[in-house]
Asks: 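First, the structure itself, so that you have it in front of you.
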Protein chains: 2
Amino acid sequence: MKKAIFYHAGCAVCVEAEQQVLDALDCNRYEVESVHLAQNSLAIEQAQLAGVRSVPALLLDGTVFHINFGASLDEVKGACHA
Amino acid sequence: MKKAIFYHAGCAVCVEAEQQVLDALDCNRYEVESVHLAQNSLAIEQAQLAGVRSVPALLLDGTVFHINFGASLDEVKGACHA
């Protein structure tokens, strides 16, 4: 199984993209995980290391795809530490 | 079957996204089509009507997802009419 990780921050742009994009993936070949960054500051670091710069973002088998634009990772960090 | 249309302009950002994103979709539920806008000025108008502002973009069952950023549609138009 390949791995698909959807990083989001709970915003409207993220939630809409999450539902439709994850639903379209082939769950027979992809193990799908959804990570809410604004609730998890450790996950923000992991996302950064994976190359995520903004949310929503989809990591497909290690490659980052930035989908639309909800917020930069810096904005998410600010919200997380506030 | 739902419809997935991937709009691209043949650039490196587009081609990389196209291969990996289309491969991850569930082809049992989505009929997948790939449209090369820089070779098709009529398709540019259709893409604009669908809400596409930049390429690469994925239209999933009528909803547009802008994936990463290769070029704006205006830039693609310029290349098309050059």
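Note on naming: letters A, B, ... go to the chains in the order of the sequence lines (proteins, then strands), and numbering restarts at 1 for each one. Every value quoted in this text rests on a predicted model; they were computed, and no experiment measured them.
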Asks: Quick one: of Pro56(A), Ala4(A), Ala57(A), Ala24(A), who has the most non-hydrogen atom pairs under 4.5 Å with chain B?
Replies: Ala24(A)
Asks: Can you list the donor-acceptor atom pairs spanning chain B and chain A that come in under 3.5 angstrom?
Replies:
unit_1: Gln20(B); atom_1: OE1; unit_2: Thr63(A); atom_2: OG1; d: 3.3
unit_1: Gln20(B); atom_1: NE2; unit_2: Leu60(A); atom_2: O; d: 2.9
unit_1: Gln20(B); atom_1: NE2; unit_2: Thr63(A); atom_2: OG1; d: 3.4
unit_1: Asp23(B); atom_1: O; unit_2: Arg29(A); atom_2: NH1; d: 3.2
unit_1: Asp23(B); atom_1: O; unit_2: Arg29(A); atom_2: NH2; d: 2.4
unit_1: Asp23(B); atom_1: OD2; unit_2: Arg29(A); atom_2: NH1; d: 3.4
unit_1: Ala24(B); atom_1: O; unit_2: Asp26(A); atom_2: N; d: 2.8
unit_1: Asp26(B); atom_1: N; unit_2: Ala24(A); atom_2: O; d: 2.8
unit_1: Arg29(B); atom_1: NH1; unit_2: Asp23(A); atom_2: O; d: 3.1
unit_1: Arg29(B); atom_1: NH1; unit_2: Asp23(A); atom_2: OD2; d: 3.4
unit_1: Arg29(B); atom_1: NH2; unit_2: Asp23(A); atom_2: O; d: 2.4
unit_1: Leu60(B); atom_1: O; unit_2: Gln20(A); atom_2: NE2; d: 3.0
unit_1: Thr63(B); atom_1: OG1; unit_2: Gln20(A); atom_2: OE1; d: 3.3
unit_1: Thr63(B); atom_1: OG1; unit_2: Gln20(A); atom_2: NE2; d: 3.4
unit_1: His66(B); atom_1: N; unit_2: Asn68(A); atom_2: OD1; d: 2.7
unit_1: His66(B); atom_1: O; unit_2: Asn68(A); atom_2: N; d: 2.6
unit_1: Asn68(B); atom_1: N; unit_2: His66(A); atom_2: O; d: 2.6
unit_1: Asn68(B); atom_1: OD1; unit_2: His66(A); atom_2: N; d: 2.7

Asks: Can you hop from Leu58(A) to Leu73(A) via hydrophobic side chains spaced under 4.5 Å?
Replies: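 Hydrophobic grouping puts Leu58(A) apart from Leu73(A).
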Asks: Quick one: hydrophobic cluster around Val15(B), which other residues, with the 4.5 Å side-chain cut-off, linked directly or via members?
Replies: none
Asks: So what's closer than 4.5 Å to chain B heavy atoms on Val21(A): side chain, backbone, both or neither?
Replies: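 Both backbone and side chain of Val21(A) come within 4.5 Å of chain B.
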Asks: Is there a chain of hydrophobic side chains (I, L, V, M, F, W, Y, each step under 4.5 Å between heavy atoms) that links Phe6(B) to Ile44(B)?
Replies: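 No: no chain of side-chain contacts under 4.5 Å links Phe6(B) to Ile44(B).
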Asks: Going by ring pair (Phe, Tyr, Trp, His ring centres under 6.0 Å), name the pairs with one or both residues in residues 38-64 of chain A, residues two or more places apart or in two chains.
Replies: none
Asks: Please answer: with hydrophobic residues joined when any side-chain heavy atoms are less than 4.5 Å apart, are Leu22(A) and Leu22(B) in the same cluster?
Replies: yes
Asks: Quick one: do Val64(B) and Ile5(B) end up in the same hydrophobic cluster if we chain Ile, Leu, Val, Met, Phe, Trp and Tyr together by side-chain heavy atoms under 4.5 Å apart?
Replies: yes
Asks: Checking one residue: Leu49(A). Which other hydrophobic residues are in its cluster under the side-chain 4.5 Å linking rule?
Replies: none
